[in-house]
Amino acid sequence: MESASGADSGPKPGDRVRVERDEDTYEGVFLPSSTAESVVLKLDGGYNVAVSRANASVAVLEGGAYDVESAQDVSEGSASSEITFDADLPTVSLISTGGTIASTIDYRTGAVTARFDAEDVLRAVPDLAGRANYRGRVVANVLSENMTPAIWQELARAVYEEIEAGTDGIVVMHGTDTMQFSAAALAFCLSLPVPVVFTGSQRSADRPSSDNVINAVCAVEAAKAACAEALVCMHASESDDQCALHRGTRVRKNHTSRRDAFETVGRKPLGHVTYDDEGISVDFHREHAERGACDLKIAPELETDVELLKFTPGTDSALLDACAGKAGLVLEGTGLGHVHTDWIPRIAELVDSGTTIAMTSGCIDGRVCDRVYDTGRDLLDAGVIEAEDTLPGTAKVKLMWALANAEEPKALMGTSLAGECTTRSTPWA
Amino acid sequence: MSGFDEHDYEELGLVAGLEIHQQLDTETKLFCGCPTERREPDDAVQEITRYLHPTRSELGELDAAAIEESRVSRRFSYLAYDTTCLVEADDEPPHRIDDEAIEVALEIASLLSMRPVDTARIMRKIVVDGSNTSGFQRSSLLATGGEIDTENGPVGIEDLLLEEESAARIEETDEGTRYGLDRLGIPLVEIGTAPDIRSPSQAREAAATIGMLLRSTRSVKRGLGTIRQDVNVSIADGARVEIKGVQALDDIDDIVRNEVARQQTLLDVREELDERDASVGEPTDVSDVFDDTDSGVIAGALGAGGRAMAVCLRGFDGLVGKELQPDRRLGTEFADHARRHGAGGVFHTDELPAYGISDTEVEALREAVDAGEDDAVALVADDPETAETAIEAVAERARTAIDGVPEETRGANAEGTTQYLRPLPGAARMYPETDVPPVPLDFGEIEPPEVLTETVDRFEKLGLDRGLAEQVAYGRRVEAFERAIDMGIDPALAARTVESTTTELRRDGVPVENLDDGDFEGVFSLVANEGLPNEGVPEVLRALANDPELSASEAAEQAGVGATGESEVRETVAEVVERNEAQVREEGMGAFSGLMGEAMGALRGKADGEVVSDALREEISQRTE
């Protein structure tokens, strides 16, 4: 069974092998992460070790000692995979788009990738059992940085179909990086009679400490609740005791790694889901759209030729030139909504040539007001629209929707369509 | 049974191995920039609560120990400090692995004659008892294939792992276990020997040798809990038992002796059970038997809606009460398992009637489970779920007794005995840490440090007697001693200073723990360069310990032991007068006060003012004569 190092007839993943090199001998299971340069094997104690193939001899002791491929497929041989129906429970649709709530390690690259469908989520999170009857659906399997407006549209149609089919609430499993954009897109594209709750996890599902279990369980409870909006349900603190329910158009990922990265900007969250050993409860503290208060409608068209441009001192005006001919442009300006005064004539030209330009603020929190300083007034004169207190990212999604669906898109940018902006600034409310 | 000599252990087929865990004294933790500093719970700045859920290995298996742990308790709380960060809180990915820790670990590997692997692959070792916020311990195999010598032959060193220390358990609360994040992430080296150890004394000797080599790096933590020994023990026909957390070296041989005796007795019990054709019945609800019981425990449980569950242990009569270790019986092992599942303990008929359980009740209990004369009955009273799972755990442990010695993980008790902790963990608990890329171990030639036994020889050659040389070499202030020798300090004075002087000061109530190597170096420098008399050393150290902000010379001044020698004062004063020769010639003593200021400035306050003024007066009068 001896084989020359690196030969094609060499060991396969799952084989039990012995690697000898100089004075060292290692025995273990040959792993798929082995490369042309090195053999990676799992020793009996569980440690992985990589041995350079140079001067090493590899002998197969037992072929196929492990079925490495199926071992990584959690769907096989799992007793909890049966989904039972209980007429007394509401129905919740689990829509998967990918992301760490339902991801596992790719042992070829060593990185974390999304590879589960919605039903796998039920197996991965057994705590979901008994809370609802579930309908599973996979819209995409992408990391959220790879999300596109086209997938938002597919997602909106999927949600629409699920609600038409009679589901009582929807949970969308989504990578956290761009979750807020997808939630905003659905808020604009759909008129919702039931909740659509986005959730994910900041710590990947392959670790015992993942926040996926609590986020998913709380999201399902929120999907059964009375608030018919596009919501984001994620940890409210670093502890596993509460999830916050954020309005999809007002939420922002404000931390790279913390469990409680998501925050409602400028206000308190709409509600909370409390999680402890005693049970789970959902409470809403702020005014929200009630379940069943409006009829299901869909307007999924989006004008995707819209850009978001952040201005900081020294930003090259060539970036502005590059936006010439765009259907829409959202500026993230300084303070109350400003850019360098040299930019203003060029902005006027863009507006004149048909680009709709809306102003938001890099302050993130607070309202744009271009009537206080000369720069602002000049921007208004140039044809820039104030997006009020709309978040820059949300304003981009909104402008995409408004340009495709409204006769007077400009008029909509300062008006609330889905709670994205207000007429009164009341951070204490 | 502890009267065996080495020969008997060989006959019994004793096979033992060690796992030594040693914290490293590095600047930062293994995967973040936090200091490796322990804290008091009162200093916590935040408390976080978390749940853990077992996950599968990349080979698709769930670890038995992890599953059992997850059934027991899942809610944990963690105290965070201003010396811990989001990495320990599992709210930020690990940073790059600490190079200093790898270098120290490779030094240790070289001392153990081990060979490093090409690339360190960081693994996650699933641990769901809450002692790691992530639910796993990051661990990496760095070296294999070493050996140490003992009087009874060589002991192989199989592997050296560099891992992160777990969080320290602070207390059990009603809400679960509370841990501190201060200890989590301190670099920890784990050294595993081959199962080459054949006697209790060899186990102790091997542990002592490894401990000595670890200290030779002068980069390991010291003090209680910074080194922990696990001992794996089995005898012929027995089973591998992993004993965790032996804190004192002196306990190792006792622990091994007691474990051998335990396995021996369990094998005797097996033989007896075999002769009696023993078996274990099905758990039965016997609550009715105790309707009017005087037993506080049972009445309390039943009164609160609980149940009394019993199991008939056929052929076990008299054996449940059999002592396996000093003051620990087979029944105690049953109780260990029951407690793991939340029950307060176990009653068994070998110890009944007692604890308020009457003769009549014992009879009724035997009848209820159809127990005969040769049979024993074990009983648990608790809330229905606990009673059911606990009695099942007891039944399971009894069944294993029929087979002999169970493989398991046990915890070391203070008195040299052990108790059941959990099943042996397997390879299924390990999977790759994807947040940390593999680290090539291209650190070049690692220079192995001088081994402590050689250090002792070297100190002896300096003129110290063997005892003092050992004391200094193994002591905490060996670096300060070496520095003193480099400065040309008399070795006897240096040794006396770092050892007996500090001991005497401590007995005087001086906080000598405030003294670091730099303080000693400062004092030795005063002796070497500034003429500090030997007698002044204890006083300067006292002043430094009481006010660690002081420099050595400030301390000397405060202690009134004149840091600056008279000759230096004279030299400086002469220079000052020389510089101002014209003025001195013109004004004579009238120049005194101006020059006095200048001289004091030149001496930067290190000298006694009276000494300076005397010297200045003399110098001026010499020049004006």
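Numbered from 1 within each chain, the chains take letters A, B, ... in sequence-line order. Computation of the quantities below employed the complete heavy-atom set of this structure, encompassing side-chain atoms and omitting hydrogens, waters and symmetry-equivalent molecules.
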### Message
Atom CD of residue position B:Glu385 - does it have more than 12 heavy atoms of other residues, nucleotides or ligands inside 6.0 Å?
### Response
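Open.
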#### Entry: Within 6.0 angstrom of B:Arg96 CZ, more than 12 heavy atoms from elsewhere
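No - once you tally the heavy atoms of other residues, nucleotides and ligands closer than 6.0 Å, there are 12 at most.
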### Query
Just by distance, do the side chain of B:Arg50 and the backbone of A:Glu238 share a donor-acceptor pair under 3.5 Å?
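Yes: the side chain of B:Arg50 pairs with the backbone of A:Glu238.
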### Task
Examine distances only and state if a side-chain atom of A:Lys42 and a backbone atom of B:Met430 form a donor-acceptor pair shorter than 3.5 Å.
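Flag set: sc A:Lys42 to bb B:Met430 pair under 3.5 Å.
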Can you give me the closest heavy-atom contact between [X] and [Y], atom names plus distance?
| X | Y | value |
| --- | --- | --- |
| B:Pro432 | A:Asn48 | CG-ND2, 3.7 Å |
| B:Val117 | A:Tyr26 | CG1-OH, 3.8 Å |
| B:Leu141 | A:Tyr47 | N-CD2, 3.8 Å |
| A:Pro208 | B:Ile126 | CG-CD1, 3.6 Å |

Proximity breakdown for [X] and chain A, heavy-atom pairs closer than 4.5 Å:
| X | value |
| --- | --- |
| B:Ser140 | backbone |
| B:Ile122 | neither |
| B:Leu86 | side chain |
| B:Thr133 | backbone |
| B:Glu47 | backbone |

### Which of B:Pro93, B:Gly145, B:Ala120 touches chain A most, by non-hydrogen pairs under 4.5 Å
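Between B:Pro93, B:Gly145, B:Ala120, the count favours B:Pro93.
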### Message
Let me confirm one number: the CG-CZ distance from B:Asp91 to A:Arg259, rounded to the nearest 0.5 Å.
### Response
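Here the rounded value is 4.5 Å.
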### Query
Between the side chains of B:Asp90 and A:Ser209, does any donor sit under 3.5 Å from an acceptor?
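Side chains of B:Asp90 and A:Ser209: pair found under 3.5 Å.
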### Task
Name the member of A:Asp240, A:Asp127, A:Val49 that forms the most heavy-atom pairs with chain B at distances under 4.5 Å.
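Greatest number of close heavy-atom pairs with chain B: A:Asp240.
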### Message
Between A:Asp260, A:Asp22, A:Val40, who has the most heavy-atom pairs with chain B when the cutoff is under 4.5 Å?
### Response
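Going by pairs under 4.5 Å, I would pick A:Val40.
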With a 4.5 Å cut-off on side-chain heavy atoms, are [Y] and [X] touching?
| X | Y | value |
| --- | --- | --- |
| B:Asp435 | A:Arg207 | yes |
| B:Asp118 | A:Arg21 | yes |
| B:Tyr51 | A:Ile214 | yes |

